[in-house]
Amino acid sequence: MNQSSRHVVIGLLLALLASARAAQSPPRNADVSARVQTSEAALQVRDEFLHAWNGYKKYAWGHDELRPLSKTYHDWYGVSLYMTPVDALDTMILMGLDDEAAKTKDLIIKNLSFDQDIYVKNFEITIRLLGGLLSSYQLSGDQRLLSLADDLGTRLLPAFRSPTGMPYMYVNLKTGAVRETKSNPAEIGTLLLEFGSLSKLTGKPIYYEKAKRALVELYNRRSPSGLVGSGIDVETGKWTDPESHISGGIDSYYEYLLKGWLLLHDEDCNRMWNSSLAALNKYLAEETTSGLWYGPVNMNTGERTGHFSGALDAFFPGELALAGDLGRARRSEESFYKVWTHFGVEPEEFNYSTMKIAYDGYELRPEIIESAYYLHQFTQDPHYVQMGRSFFDSLIKYCRTEAGYASLSSIEKKTQKDEMPSFFLAETLKYLYLLFSPSPKLDLNQMVFNTEAHPIRRNW
Ligand code: DMJ
């Protein structure tokens with residue numbers, strides 16, 4: 001029996017065992033068959049993961065990302081930083097793809113070098129590579145992954161050498177030179193989980209200190225209403241764009257305030273999260289005929305600047321669920337789901353008053369699935385599994401290609417574009433798999449997902 005069939009059989013046995021256990025109490029045939037179907041769906045997700053991964057192996061092996069239409073590859077900075085393998089490794093481990101995981105770990109350990117004369121985005125490299133290396137280290141116990149993470153962390157540290165302590169957007173991995181003073185809350189405030197964990201795991205406090213100071217400096221510049229804007233200069237500390245929202249450029253700043261508390265038990269994060277959440281509920285939340293939304297406002301006046309939301313904003317129901325506000329979480333996820341079913345897939349940006357697309361395209365993003373996963377974890381409501389099924393069906397219908405999966409340049413015309421971002425394997429398929437898995441694979445009391453869905457365990 002090959003590895004794949006072995007896992008299919010194990011998965012089905014697990015589902016049947018779970019069903020049998022459930023059947024000891026009041027037997028309900030519908031429950032049993034729903035569980036078996038759910039387990040089969042998890043195995044289908046794993047097959048689709050393998051389809052995309054095999055495309056990467058065939059056409060892009062050793063490079064950052066697969067180009068799924070032209071069947072070529074793309075390296076973000078001219079040389080490869082093994083973005084897709086590092087991002088995908090912990091998904092393989094969680095899916096029980098042991099042989100693939102072993103080969104991928106070898107590839108990374110033998111070839112990945114951060115001693116490169118390139119300017120990289122501190123935020124992207126932190127969430128994808130630092131986060132990926134740390135979670136795979138914790139899941140595999142391989143010290144060499146921690147050494148790579150430590151080396152990367154050291155090379156990223158010069159980014160924090162601004163007068164305010166908020167990091168420059170780009171840092172050169174070899175020389176430590178920095179670039180780009182204009183940044184945003186997401187790029188400044190989405191570092192603490194990875195840098196904080198690196199400190200805990202290496203015993204070097206500097207990582208935690210730098211990322212924490214950046215986060216606090218940003219929070220301290222909030223407006224009297226408690227909101228942050230979309231753009232800030234890290235040298236002057238002045239806002240360059242006062243628009244406040246929960247979309248790309250701000251989103252994961254809020255996520256890390258909450259998760260900094262959950263993972264690191266940092267009391268300041270708890271305090272900053274609670275006051276920020278109150279401001280978001282007071283100023284951004286809007287009840288409309290299409291549901292509950294968190295739309296943009298001016299950070300200083302609180303006045304509404306539009307009725308926009310998008311695929312990235314759909315992380316927020318998950319945060320609300322994690323924070324214990326299941327009422328708002330459910331209503332907000334339902335609003336996003338309405339948009340998904342309206343268009344067949346989710347637009348990058350839309351106007352929730354007119355239901356018109358504001359920015360066309362779908363980047364294979366995970367957020368709406370991530371939120372369904374959290375809601376299912378906390379409510380056990382099968383509705384979220386059904387939701388997951390419709391996300392998965394759309395992905396297969398519109399985004400599957402011969403070589404993998406492709407983003408959509410237009411969701412109206414359902415036209416594909418030549419990109420398969422690494423987060424598709426790190427996040428989108430991982431959350432779908434976990435949503436469909438019959439038994440909980442990860443205990444949310446013991447671990448926290450970073451914003452790239454890399455699970456980090458609080459085992460220090
Ligand atoms: C990922 O890189 C992360 O989830 C990030 O926080 C937002 N953008 C993508 C996924 O959409």
Side-chain angles (χ1 to χ4, degrees), residues 64-65 76-77 81-84 86-87 114 116 118-135 149 152-162 164-173 176-199 207-208 210-219 221 228-235 240-241 245-260 263 269 311-313 315 319 363 365-367 370 421-423 426-427 448-454 456:
D64 279 340
E65 285 178 344
W76 285 28
Y77 303 109
L81 291 177
Y82 294 80
M83 216 73 86
T84 295
V86 176
D87 240 359
F114 295 119
Q116 313 275 2
I118 48 175
Y119 283 84
V120 299
K121 253 195 165 197
N122 185 35
F123 161 77
E124 294 288 358
I125 295 303
T126 297
I127 65 170
R128 297 185 199 222
L129 298 187
L130 196 49
L133 289 169
L134 288 172
S135 70
L152 176 58
T154 307
R155 291 171 188 277
L156 295 176
L157 280 177
F160 296 92
R161 245 184 257 142
S162 75
T164 63
M166 294 189 285
Y168 293 93
M169 204 176 252
Y170 291 90
V171 57
N172 186 301
L173 287 180
V178 291
R179 227 166 51 187
E180 193 53 65
T181 65
K182 306 259 186 312
S183 193
N184 58 61
E187 309 227 5
I188 293 165
T190 314
L191 307 166
L192 185 59
L193 295 196
E194 298 79 3
F195 279 77
S197 306
L198 190 56
S199 278
Y207 299 122
Y208 196 127
K210 295 288 179 189
K212 172 81 184 287
R213 178 175 169 208
L215 188 61
V216 171
E217 291 284 344
L218 179 69
Y219 174 79
R221 288 172 170 79
V228 295
S230 318
I232 191 162
D233 187 307
V234 302
E235 288 190 341
T240 57
D241 185 340
H245 51 75
I246 56 161
S247 196
I250 301 186
D251 46 6
S252 45
Y253 156 66
Y254 291 123
E255 181 182 346
Y256 273 35
L257 291 180
L258 173 62
K259 291 184 175 175
L263 179 68
C269 288
L312 284 162
D313 308 46
F315 81 105
E319 297 320 295
E363 309 281 340
R365 292 196 188 281
E367 284 77 6
E370 170 185 354
S422 66
F423 56 69
E427 298 190 71
V448 170
F449 287 103
N450 86 336
T451 194
E452 190 80 359
H454 295 305
I456 305 186

Participant: How many angstroms lie between atom OG of Ser162 and atom CD of Glu217, to the nearest 0.5 angstrom?
Facilitator: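 Output value for this atom pair is 8.0 Å.
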
Participant: Check for a donor-acceptor pair, side chain of Asp241 on one end and backbone N or O of Ser230 on the other, with a separation under 3.5 Å.
Facilitator: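 Answer holds: no.
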
Participant: What side-chain donor-acceptor pairs closer than 3.5 Å can you find for residues 152-159, not counting sequence neighbours?
Facilitator:
unit_1 : atom_1 : unit_2 : atom_2 : d
Thr154 : OG1    : Asp150 : O      : 2.8
Thr154 : OG1    : Tyr207 : OH     : 3.0
Arg155 : NE     : Asp151 : OD1    : 3.1
Arg155 : NE     : Asp151 : OD2    : 3.2
Arg155 : NH1    : Asp115 : OD1    : 3.4
Arg155 : NH1    : Leu173 : O      : 3.0

Participant: What distance separates Tyr208 OH from Leu193 CG, expressed to the nearest 0.5 Å?
Facilitator: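 One finds 9.5 Å between OH of Tyr208 and CG of Leu193.
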
Participant: Within this structure, what is the CG-OH distance for the pair Leu191 and Tyr253, rounded to the nearest 0.5 Å?
Facilitator: 13.0 Å

Participant: Are Thr190 and Glu187 close enough that some pair of their side-chain heavy atoms sits under 4.5 Å apart?
Facilitator: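 Sidechains of Glu187 and Thr190: no contact.
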
Participant: Looking at every non-hydrogen atom in both residues, tell me the closest pair between Ala214 and Pro167 and how far apart they are.
Facilitator: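 Shortest heavy-atom separation between Ala214 and Pro167 comes out as CB-CD, 3.7 Å.
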
Participant: Please walk me through it: do Asn122 and Phe160 pass side-chain contact (heavy atoms from CB on, under 4.5 Å)?
Facilitator: CA-CA 10 Å; Asn122 185 35; Phe160 296 92; 4.3 Å; yes

Participant: Which heavy-atom pair separates Thr164 from Val234 by the least distance, and what is that distance?
Facilitator: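 Taking Thr164 first and Val234 second, the nearest heavy atoms are OG1-O, 2.6 Å.
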
Participant: Distance only, no hydrogens: is a donor on one side chain within 3.5 Å (strictly under) of an acceptor on the other, for His454 and Asp87?
Facilitator: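 Yes, a side-chain donor-acceptor pair sits under 3.5 Å.
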
Participant: Tell me which one of Ser252, Pro366, Ser135, Ser422 satisfies side chain to side chain contact (heavy atoms under 4.5 Å, CB included) with Glu452.
Facilitator: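 Among the candidates, only Ser422 passes.
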
Participant: I need the minimum non-hydrogen distance between Ala311 and Arg365, along with the two atoms involved.
Facilitator: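 It is CB-CD, 3.9 Å.
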
Participant: For the side chain of Tyr256 and the backbone of Thr451, is there at least one donor-acceptor N/O pair under 3.5 Å apart?
Facilitator: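 Such a contact is found between Tyr256 side chain and Thr451 backbone.
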
Participant: Any chance you could measure Leu130, atom CG, to Ile456, atom CD1, to the nearest 0.5 Å?
Facilitator: 8.0 Å

Participant: Begin from the C-alpha positions of Val178 and Arg161 and carry the test side-chain contact (heavy atoms from CB on, under 4.5 Å) through to its verdict.
Facilitator: CA-CA 9 Å; Val178 291; Arg161 245 184 257 142; 5.9 Å; no

Participant: For His245 and Tyr254, work out which heavy atoms get closest and say how close.
Facilitator: O-CE1, 3.9 Å

Participant: A side-chain contact here means heavy atoms from C-beta on lying under 4.5 Å apart; do Phe114 and Leu129 qualify?
Facilitator: yes

Participant: Would you give the length of the straight line joining atom CE of Met166 to atom CD1 of Ile232, rounded to the nearest 0.5 angstrom?
Facilitator: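 Interatomic distance, Met166 CE to Ile232 CD1, rounded to 0.5 Å: 4.0 Å.
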
Participant: Quick one, Leu81 and Ile118 - any side-chain contact, counting heavy atoms below 4.5 Å?
Facilitator: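 Sidechains of Ile118 and Leu81: in contact.
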
Participant: So, do Tyr77 and Tyr170 have ring centers that fall under 6.0 Å from each other?
Facilitator: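 No; Tyr170 has its ring centre 6.0 Å or more from that of Tyr77.
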
Participant: Could you tell me whether a side-chain N or O of Ser183 sits under 3.5 Å from a main-chain N or O of Met169, the two making a donor and an acceptor?
Facilitator: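 No: the side chain of Ser183 does not pair with the backbone of Met169.
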
Participant: Is there a side-chain contact between Glu319 and Glu370 in this structure, where contact means two heavy atoms from C-beta onward sitting under 4.5 Å apart?
Facilitator: yes

Participant: Should the heavy atoms of other residues, nucleotides or ligands under 6.0 Å from NZ of Lys210 be counted, would the total exceed 12?
Facilitator: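 Not more than 12 within 6.0 Å, no.
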
Participant: For residues Glu65 and Trp76, determine if any side-chain heavy atom of one lies less than 4.5 Å from a side-chain heavy atom of the other.
Facilitator: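 Yes, their side chains come closer than 4.5 Å.
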
Participant: With a 4.5 Å limit on heavy-atom distance, are the side chains of Val171 and Val120 in contact?
Facilitator: yes

Participant: To the nearest 0.5 Å, tell me how far Leu215 CG sits from Ile188 CD1.
Facilitator: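 Here the rounded value is 10.0 Å.
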
Participant: Give me the atom names and distance for the closest heavy-atom approach of Met83 to Ile125.
Facilitator: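 In this case the closest contact between Met83 and Ile125 is CE-CD1, 4.2 Å.
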
Participant: If you take all heavy atoms of Ala186 and Ile250, which pair is closest and at what distance?
Facilitator: CB-N, 3.8 Å

Participant: List for me each residue that meets side chain to side chain contact (heavy atoms under 4.5 Å, CB included) alongside Glu235, sequence neighbours excluded, and say none if there are none.
Facilitator: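 If we apply the side chain to side chain contact (heavy atoms under 4.5 Å, CB included) test to Glu235, skipping adjacent residues, the hits are Pro163, Tyr168, Thr181, Asp233.
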
